[in-house]
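Quick notes on the structure that follows.
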Protein chains: 4
Amino acid sequence: MTRNKLRAAAMRLFGEKGYDGTALSEIAKEVGVKTPAIYAFYENKEDLFMTVFREAMESYNTYIQELSEEQNMTSARDSLYRVLSRQYEFYQKCPEESVFVLRYMVFPPAFLKETIEEAFLQSDELLTKAIEELIVHGMETEAIRDQPVQPLVDSFLNVMDGLSMQYFYYTSREIYERKLNNAFETYWNGVRSNYN
Amino acid sequence: MTRNKLRAAAMRLFGEKGYDGTALSEIAKEVGVKTPAIYAFYENKEDLFMTVFREAMESYNTYIQELSEEQNMTSARDSLYRVLSRQYEFYQKCPEESVFVLRYMVFPPAFLKETIEEAFLQSDELLTKAIEELIVHGMETEAIRDQPVQPLVDSFLNVMDGLSMQYFYYTSREIYERKLNNAFETYWNGVRSNYN
Amino acid sequence: MTRNKLRAAAMRLFGEKGYDGTALSEIAKEVGVKTPAIYAFYENKEDLFMTVFREAMESYNTYIQELSEEQNMTSARDSLYRVLSRQYEFYQKCPEESVFVLRYMVFPPAFLKETIEEAFLQSDELLTKAIEELIVHGMETEAIRDQPVQPLVDSFLNVMDGLSMQYFYYTSREIYERKLNNAFETYWNGVRSNYN
Amino acid sequence: MTRNKLRAAAMRLFGEKGYDGTALSEIAKEVGVKTPAIYAFYENKEDLFMTVFREAMESYNTYIQELSEEQNMTSARDSLYRVLSRQYEFYQKCPEESVFVLRYMVFPPAFLKETIEEAFLQSDELLTKAIEELIVHGMETEAIRDQPVQPLVDSFLNVMDGLSMQYFYYTSREIYERKLNNAFETYWNGVRSNYN
DNA sequence: TATGAATGAGGATTCATTCAT
DNA sequence: AATGAATGAATCCTCATTCAT
């Protein structure tokens, strides 16, 4: 119980204030426990952080994995849009995990640099593959103009990354949703075939 | 002299390791001076940080401002592309400033949250206006299909933000350049008129 | 069972790393038990230490006591030599007890200073008496030159103390045995009568 | 100034209470300074300890070195006796250094084991050589019976080691001096020639 | 302008100990 | 007899900051 509450508090605080900006005492206090209690569950600050990091990554990867699984029946347009809105959903449902992942993906603490690079590459590959399938499927059904696939994947990922950043500095829901839709629409215009 | 060296070192270190992760002693050491020397030039850590922050923002804003100024003669396509490549140039020429701006734009330390939000909004407005002009110009010359402007601006900014993030986690130059070109091409495809 | 294993582990670790340098958790771990289990058998760290201390002293004293008991039949030379070799035997058979006794005899933790001084004096007296008897016996049989007894006792104890220290910093068996024999030989030369 | 006072306080406290039993705060308090001030002069606790250790060793070695230098004119008996009384002098003049050296020679903290063994061997060799010269000199002048040298060196060192230990647990000056004289007398009886 | 000395505040971590189970 | 959870006290150490020089 305490173990999990600690994990949750750590996720939130590390995400919000950074590794160095978060004192173990704050995490403990948030859980209603004294600092040394943390050491009953985690070896040290790094260990707590790593545990949280792994959990956040897993949570994020799970969400990505599920993309490939539900793609099937829907149109390419819908399923690509679905990717963006699922990402948005994830940010809303798991704001702590999201901030955490984003923060440490881009600005890992020194001791995590390598681990994170690996985790990132792995995650990136998964996502790339999922998007690729959707796009290929779109070409097969002629929703997307026939053309080299990689550029379309690249630019879709670019849209996603852009939306990631923007989620965190446009706090207004409406503005974000507008941006999401507009970004997607332009992307779709750029890739779709002229038949529909 | 020392004052400037301190600013530069602070820029680099605050950017790389974060506000809390950077000790004044590290900054001093990088400059070859003892910690208390810092206090001859800056009131305290926050002051040093703020100075650096203002400088980075100014550097970034200058680069944006210049966008509007040189837009004129070239085609809309070229000038939009120019925006992306200038951003890229900025990242390459001023990597310290870039990391710094990106980091504190997205993850400001608590005491800076408000200041940064203002600075961000201001900067964002500048950029938005500049892009808007380019796009309107593009429509006037019929390079861009006639349509509401805001969505095109939104999605261009989205492309830019995406490229920002990607610059920091795709370390390979080639990959990044490919991604930049692909993102732009898709964007352009999505907005251009069918005449060219 | 556990009680004894704890005692043994404590003996070894307190002897090797000192009172302050040994954490209860180490002792527990060596026994394969969690720290609080110690409190089922011992009141606290001091109590455990004292128990161990008493045991080590008893073990040491027993060995000394036995000296007097077997002295009888043999020649003075042999029985004095026997004292040194029995001390050596003790070090080899009970290395933990030996280190422990030596360490806390010379460097008792503050809270034990008085207790240990008493224990030491008592032990010293026992030993002194035993040696004295051997020497007197040696004079009676004219193996040892007739002369005041105390100086001979003093210097024999000095030889013993010297060998104690040396045992702990000359790790090589051979060197130690050589030193033992040489020390004894010189001593014997210094005290023996000229008849043999 | 503070640096030296710290060294002195550390010498005393480390010697008296052991490495783990001595808190930096105690050392600081003895000097009339707050704990962090220590870090202006020493890297950390180990560094302070090592500095003190080196100083104590040097002090001890110097004393040994001087033995060889003044040996010349005096009789072998006098110069050997001189060694013991100089050792005694050293204990009295530099009680802190003495306790320190003895304690860590016999019971080094784990992180010092190797360093100390080296230091010890080196010191031991110096001393051995010095004693050897005195004894050889004694044989040349026929004060000492002609015989193999090593045993006489061994047993003299044994006497010295014995007196080391005894100095620390016989607190009475008179008793110690008696023991010193008696030990020496017996030793000398054991080695001297019969001519004098 | 720069430094050495010093400090208060705070941070991670260890440890002996307690208590409910 | 043994453990998991928790804590108070203390330890080493870092850091921003001050001040006299």
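Chain letters run A, B, ... following the sequence lines, proteins first and then strands; every chain starts at 1.
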Item checked: Atom-pair distance (CZ on C/Phe111; P on E/dA16), nearest Å -> 12 Å

Notebook entry, point to check: Which residue, C/Tyr60, C/Phe53, C/Phe49, C/Phe120, forms the ring pair (Phe, Tyr, Trp, His ring centres under 6.0 Å) with C/Tyr104?
Noted result: C/Phe49

Item checked: Residue closer to the 5' end of DNA chain F, D/Glu26 versus C/Phe41 (nearest nucleotide) -> C/Phe41

Notebook entry, point to check: Base, sugar-phosphate, or nothing: which does C/Tyr39 touch, judged by heavy atoms less than 4.0 Å apart?
Noted result: base

Item checked: Protein-nucleotide distance (D/Ile38, atom CD1; F/dT11, atom P), rounded to Å -> 12 Å

Check: Does any nucleotide pair with E/dG11 by Watson-Crick or G-U wobble geometry, both distances under 3.5 Å, and what is it?
Finding: F/dC12

Notebook entry, point to check: Can you tell me how far P of F/dA16 sits from CD1 of B/Ile27, to the nearest Å?
Noted result: 8 Å

Margin query: To check you understand the geometry: which heavy-atom pair defines the closest contact between C/Val99 and C/Gly15, and what is its length?
Written below: CG1-O, 3.5 Å

Next item on the list: Starting at atom CG of A/Leu24, determine the distance to atom C1' of E/dT13, rounded to an integer number of angstrom.
Entry: 9 Å

Check: What's the CG-C1' distance between A/Asn44 and F/dC13, to the nearest Å?
Finding: 16 Å

Next item on the list: Under 4.0 Å between any heavy atoms, over every strand shown, what does C/Ala37 touch: base, sugar-phosphate, or nothing? Just pick one.
Entry: base

Next item on the list: Could you tell me the separation between the NZ atom of C/Lys34 and the P atom of E/dC19, rounded to a whole number of Å?
Entry: 21 Å

Margin query: Between A/Glu30 and A/Arg12, does any side-chain N to carboxylate O distance fall below 4.0 Å?
Written below: yes

Check: Think C/Arg103 forms a cation-pi with D/Phe107, using NZ or CZ under 6.0 Å from the six-ring centre and within 45 degrees of its axis?
Finding: yes

Check: Considering all heavy atoms of both residues, which atom of B/Asp20 and which atom of B/Lys45 are nearest to each other, and what is their separation?
Finding: CA-NZ, 4.4 Å

Note to self: How many whole angstroms separate atom CG of C/Asp20 from atom P of F/dC12?
What the structure shows: 11 Å

Notebook entry, point to check: Between A/Pro36 and D/Thr2, who's closer to the 5' end of DNA chain E by nearest nucleotide?
Noted result: D/Thr2

Notebook entry, point to check: Within the structure shown, what part of the strands sits under 4.0 Å from C/Thr35 by heavy-atom distance: base, sugar-phosphate, or nothing?
Noted result: base

Item checked: Interatomic distance, B/Lys45 NZ vs F/dT14 C1' [rounded to whole Å] -> 11 Å

Notebook entry, point to check: Watson-Crick or G-U wobble partner for F/dA20, using a 3.5 Å limit on both distances?
Noted result: E/dT3

